[in-house]
Enquirer: 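First, the structure itself, so that you have it in front of you.
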Amino acid sequence: VACFPSAMLTEYIAKAVEKAEYEKMENGRFFATIPGFKGLWAEGKTVEAARRELISTLEDWVLLAFRFGDSVPVVGGIDFKKFGLHTNAR
C-alpha cells in the first residue's frame, strides 16, 4: 500500500462530511448518510451526535476500503487512486 499524507485523509473526511444528509427517524434519533458512499451510515440522538459518529464510521470505512483494495469516491478533488490505493470496486 502506498503512503499518503495523513492530513489528506483528514481533509477528505471533512469534505465528505460536508455532503452528509440527515434525516430524523420516527424514534427521534437522526440518521446520517453521505451520497456515493455505499453502505455508510450513522445515527445519533442529535444531528451533532450523528455527525460525530458519521466521521468515525467514515474513517473506518475508508481505511477498510484501502485494506481490501476497494475504490473510494473522489471528494473535493482528492483522489486516492493517485497513491495506488485501489484495485477494483466490489
Side-chain angles (χ1 to χ4, degrees):
V1 173
C3 292
F4 61 92
S6 62
M8 183 180 289
L9 180 59
T10 301
E11 181 180 356
Y12 180 88
I13 289 170
K15 289 181 182 289
V17 170
E18 287 176 6
K19 300 175 183 290
E21 296 176 354
Y22 301 89
E23 180 181 335
K24 191 168 187 176
M25 298 184 296
E26 289 180 16
N27 65 4
R29 295 177 63 82
F30 290 87
F31 182 79
T33 59
I34 302 173
F37 288 78
K38 186 177 180 181
L40 175 70
W41 61 273
E43 70 172 274
K45 188 174 182 177
T46 64
V47 170
E48 179 58 24
R51 186 187 73 79
R52 284 192 309 267
E53 186 63 26
L54 188 63
I55 290 168
S56 175
T57 303
L58 175 57
E59 183 176 320
D60 293 342
W61 188 93
V62 169
L63 294 175
L64 282 171
F66 292 164
R67 179 172 183 200
F68 292 109
D70 294 336
S71 295
V72 298
V74 175
V75 175
I78 299 172
D79 185 356
F80 288 107
K81 291 177 187 173
K82 296 176 184 176
F83 295 92
L85 294 169
H86 77 292
T87 54
N88 296 317
R90 292 183 184 178

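Computed from a prediction, not measured in an experiment: that's the story for all the values here.
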Enquirer: NZ of Lys45 to CG of Asn27: how many Å apart, nearest 0.5 Å?
Expert: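 One gets 11.5 Å once the value is rounded to the nearest 0.5 Å.
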Enquirer: With a 4.5 Å heavy-atom cut-off, do Leu54 and Leu40 have their side chains touching?
Expert: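 With C-beta onward as the side chain, the pair touches.
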Enquirer: To the nearest 0.5 Å, how far apart are CD1 in Ile13 and CE in Met8?
Expert: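 Taking CD1 in Ile13 and CE in Met8, the distance rounds to 12.5 Å.
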Enquirer: Name all pairs fulfilling the ring pair (Phe, Tyr, Trp, His ring centres under 6.0 Å) condition that reach into residues 24-53, sequence neighbours left out, sorted by first residue then second.
Expert: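 Found Phe31-Trp41, Phe37-Trp61.
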Enquirer: Return the minimal non-hydrogen interatomic distance between Thr57 and Ala42, and the atom names on each side.
Expert: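 Reported closest heavy-atom pair: OG1-CB, 4.3 Å.
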Enquirer: Distance check, rounded to the nearest 0.5 Å: Asp60 atom CG versus Arg67 atom CZ?
Expert: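 CZ of Arg67 is found 12.5 Å from CG of Asp60.
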Enquirer: Quick one: which residue pairs count as a salt bridge (Lys or Arg N to Asp or Glu O under 4.0 Å) with a foot in residues 19-36, not counting sequence neighbours?
Expert: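 Residue pairs with at least one partner in residues 19-36: Arg29-Glu43.
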Enquirer: For the residue pair Ala65 and Val72, what are the closest heavy atoms and their distance?
Expert: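 Nearest heavy atoms, Ala65 then Val72: CB-CG1, 3.5 Å.
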Enquirer: Can you name the nearest heavy-atom pair linking Leu63 to Leu9, along with the distance?
Expert: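 Looking at all heavy atoms of both residues, the shortest contact is CD2-CD2, 4.0 Å.
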Enquirer: Check salt bridge (Lys or Arg N to Asp or Glu O under 4.0 Å) between Lys15 and all other residues, then give those that pass, not counting sequence neighbours.
Expert: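 Testing Lys15 for salt bridge (Lys or Arg N to Asp or Glu O under 4.0 Å), a comparison that skips the adjacent residues, returns Glu11.
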Enquirer: Can you give me the closest heavy-atom contact between Ala16 and Val75, atom names plus distance?
Expert: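 In this case the closest contact between Ala16 and Val75 is N-CG1, 3.5 Å.
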Enquirer: Looking only at heavy atoms, which two atoms of Gly44 and Ala50 are closest? And how far apart?
Expert: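 For Gly44 and Ala50, the tightest heavy-atom pair comes out as N-CB, 3.7 Å.
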Enquirer: Quick one: do Val47 and Ile55 end up in the same hydrophobic cluster if we chain Ile, Leu, Val, Met, Phe, Trp and Tyr together by side-chain heavy atoms under 4.5 Å apart?
Expert: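 Yes: a chain of side-chain contacts under 4.5 Å links Val47 to Ile55.
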Enquirer: Between Val17 and Val74, is there shared hydrophobic-cluster membership here, with clusters defined by ILVMFWY side-chain heavy atoms closer than 4.5 Å?
Expert: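 Per the 4.5 Å side-chain linkage, Val17 and Val74 are not co-clustered.
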